[in-house]
Trainee: 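Below is a structure I'd like to ask you about.
Just so it is clear, the structure is predicted and the values come from calculations on it, not from any experiment. Lettering follows sequence order; numbering is per chain, from 1.
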There are 2 protein chains.
Amino acid sequence: MSSNTSRRRDVTVADVARAASVSKAQAARALGNYGAVSEDVRERVLAAAEELSYRPNELARSMNTGKSHTIGVVVGDIENPHFGLATRGITDTAKKSGYNVILANTDEERAAEVDAVQVLLDKRVDGLIVAPASSTETDHLQRVYESGRPLVLLDRAARGLPAEVIAADMAGISYDATKYLLDSGHRRIAFISTLKNASPFLDGTQLDSSQISERLEGMLRAFAETKLPFPYDLVRLNAGDADSIRDATRELLLRADPATVVVASDGLIALSALGAIQDLQLSIPKDVSFLMYDDFAWARLTTPPLTVVAQPVYDMGVAAATALIRQIDGRKASGTAPALQARLIKRGSVGPPREAFQPAQAYTAEGPTAALG
Amino acid sequence: MSSNTSRRRDVTVADVARAASVSKAQAARALGNYGAVSEDVRERVLAAAEELSYRPNELARSMNTGKSHTIGVVVGDIENPHFGLATRGITDTAKKSGYNVILANTDEERAAEVDAVQVLLDKRVDGLIVAPASSTETDHLQRVYESGRPLVLLDRAARGLPAEVIAADMAGISYDATKYLLDSGHRRIAFISTLKNASPFLDGTQLDSSQISERLEGMLRAFAETKLPFPYDLVRLNAGDADSIRDATRELLLRADPATVVVASDGLIALSALGAIQDLQLSIPKDVSFLMYDDFAWARLTTPPLTVVAQPVYDMGVAAATALIRQIDGRKASGTAPALQARLIKRGSVGPPREAFQPAQAYTAEGPTAALG
DNA sequence: ATGAAAGCGCTAACAC
DNA sequence: GTGTTAGCGCTTTCAT
């Protein structure tokens, strides 16, 4: 409560200039720290600014510099720790370079994403980081590109867009993980994902998400390599809310030819799936094995601790922001992109399938259950 | 790839006006949907805009309306699911009213918070939601108030500020929870919080966070009521990173007169504390009981499931955004604030203290261990 | 209903 | 080094 309790009108450069008895331009130069200003004037202006508690209007500044020092971030669900962590990586990095972050949540809804991107462009963000809900419908992302502002994709690629993509190699790690499950004797591997898709996943289905496509591709490759038929009937897409995930899990486990291992596509899905398994009174890994994507702290606290595919999520956020800001500044890619490697962390939730211990193999002849090649 | 691959200059109202052969003012009216415009002109303008794929410059618009339709959100750690969920509540609500959210992370660092608030004010946000790191040092928040823009506080109050505070009643629920622990036979109740404080918590210590103050106040009251001495030696503040939390937990459990129950001030702390307990090979609740603030999905998946104080975090986000937007729109509080009640959810992690089962009570005489009052 | 012109707060030419 | 004058893209009087 020093002096001014100014409400309405903000104090402007003009006010400061007047108080320091210099021209508006000179005041602006001193305040904005550009151009040539004598020491005397600088001091007077700064003093006046201090006295009047002047604050620059960044909006006005942005208007004629064309730079807002703001980047837009569009994610599917900030509540999902995956994005929470990535966002942390982004904001940390942005702050370091003097950028702010406008965050938009889309609920993995395409319409919301299109809208969010448009709004952010209208707000003249300097660049955009998007985790696109769809890898195929990308008109709105194309528009970003056309607006002349850089775009970096997080987690998922977008077909036909020249945008830089920050994501771990999902096909590779999925292949590894699947191989591990196969080696453990599993054949009935279920995969649950929130990915919205009109039809179930069949041979040749083109998926809308590069991320999930790659994971399934890795699985298919592992199966193919071992000459085993891929269990298309155990792939569950469109697993939206907690209830539908629970239902899907129950069904996968209670059906005639049940899954012997459940692979959860992210931490949120895992939570619901594990809840369902718990309700079913099934024990992991005795009755059913479990594997999830993303390694969160709680994965070590369950009994047994969970085997996971860990992604360097925070680093991905950092990488995305770094790449974007580099592009905003018009700098070229600095050769060595940091390796964003996902890792399979074996803990206790994957064991041999239940059937493997039973006297007779009720299945089709699919070769020995021993570890393969 | 229809026609324009315009790079540099954006198309403006002037361009649209020219194309529609009307004045700039008329075009602006049609586009901005204000003032009086004839049907004929409106159509021509809209058609021209469409053709040129005109997009309004929201910065310019904000400049002379004085409204940016953006609210600033300042939290300690977006990575913490507590804030993740609250942020979701905020963004959902904001979007519904046509507002965007600029997110700033402070790492619970005062300097970062002061800076973030300043930057957001400079960017001319229409209002601010802050989860203040400190409840006592509030000059920067005072400045928000002086700028004439509304401010809503999340989780924690700030001394001497007229700002609306959205938070569950912590003193009450803490009292309830402590009473429950006391009734279960516990006397050695440990409390771990990230709150930064220069000195340890002693009788009469003034804490910097209303949230934590209230919790401790509730604990003190419960102890006082049962005439038991409060275990000041078991309060751990400044539990910053995962390691320091683990260390604190170990110490609390391995010391001469150890804690029989650990209360974790939030989910992140709980994760580290549980890790430490696991490393110590202690079993819950046989060897040590456990209680945490916030109810996250994983709390039901541990063995045993965790007893928690659940806060309506998402709803708090919604309430904060609703209150802020109401103030921005200059509307009065609508009488009935929605009840933001925290609840004690008893699951399996609290049992009788270990000592209660041992032959002799090695402690000071503190009355019978049976349930009281 | 429409247009001319002023102005939001700042930066950027351009003189001097 | 300093001041004057234009804008940035939009909204908003104020005439007509």
Trainee: Let's see if you can work this out: which of D/dT12, C/dC10, D/dT4 has an atom nearest to the side-chain heavy atoms of A/Ala25?
Mentor: D/dT4
Trainee: Among D/dC10, D/dG3, C/dT11, which is the nearest nucleotide to the side chain of A/Ala28?
Mentor: C/dT11
Trainee: Over how many whole Å does the gap from B/Met63 atom CE to C/dG9 atom P extend?
Mentor: 6 Å
Trainee: Any side-chain N or O of B/Tyr34 less than 4.0 Å from the OP1 or OP2 oxygen of D/dT11?
Mentor: yes
Trainee: Measure the distance from NZ on A/Lys24 to C1' on D/dT5 and round it to the nearest whole Å.
Mentor: 10 Å
Trainee: Rounded to whole angstroms, how far apart are CG on A/Asn64 and P on D/dT5?
Mentor: 18 Å
Trainee: When you get a sec, tell me which of D/dC10, C/dC10, C/dT2 is the closest nucleotide to the side chain of A/Arg61?
Mentor: C/dC10
Trainee: Could you tell me how far apart B/Arg29 (CZ) and C/dA1 (C1') are, to the nearest whole angstrom?
Mentor: 8 Å
Trainee: Within this structure, what is the CG-to-C1' distance between B/Asp40 and C/dA1, rounded to whole angstrom?
Mentor: 11 Å
Trainee: Starting from P on D/dG1, measure out to CD on A/Gln26 and report it in whole angstrom.
Mentor: 9 Å
Trainee: Once rounded to the nearest 0.5 Å, what's the spacing between atom OH of B/Tyr99 and atom CD1 of B/Ile325?
Mentor: 6.0 Å
Trainee: So, is B/Ser23 near the phosphate of C/dG3, with a side-chain N or O under 4.0 Å from OP1 or OP2?
Mentor: yes
Trainee: Measure NZ/A/Lys67 against C1'/D/dC8 and give the value in whole Å, please.
Mentor: 16 Å
Trainee: Nearest-nucleotide wise, let me know which of B/Arg124 and B/Val22 is further upstream toward the 5' end of DNA chain C.
Mentor: B/Val22
Trainee: So, A/Asp126 versus A/Ser68: side-chain donor-acceptor pair below 3.5 Å or not?
Mentor: yes
Trainee: Starting from C1' on D/dC10, measure out to CG on B/Asn33 and report it in whole angstrom.
Mentor: 15 Å
Trainee: Is it true that atom CD of A/Glu39 has more than 12 heavy atoms of other residues, nucleotides or ligands lying nearer than 6.0 Å?
Mentor: yes
Trainee: A/Ser38 has a side chain; which of D/dT2, D/dC10, C/dG9 sits nearest to it?
Mentor: D/dT2
Trainee: Has A/Lys67 got more than 12 heavy atoms of other residues, nucleotides or ligands less than 6.0 Å from its NZ?
Mentor: yes
Trainee: Looking at CG of A/Leu324 and CG of A/Leu154, how far apart are the two atoms once the value is rounded to the nearest 0.5 Å?
Mentor: 11.0 Å
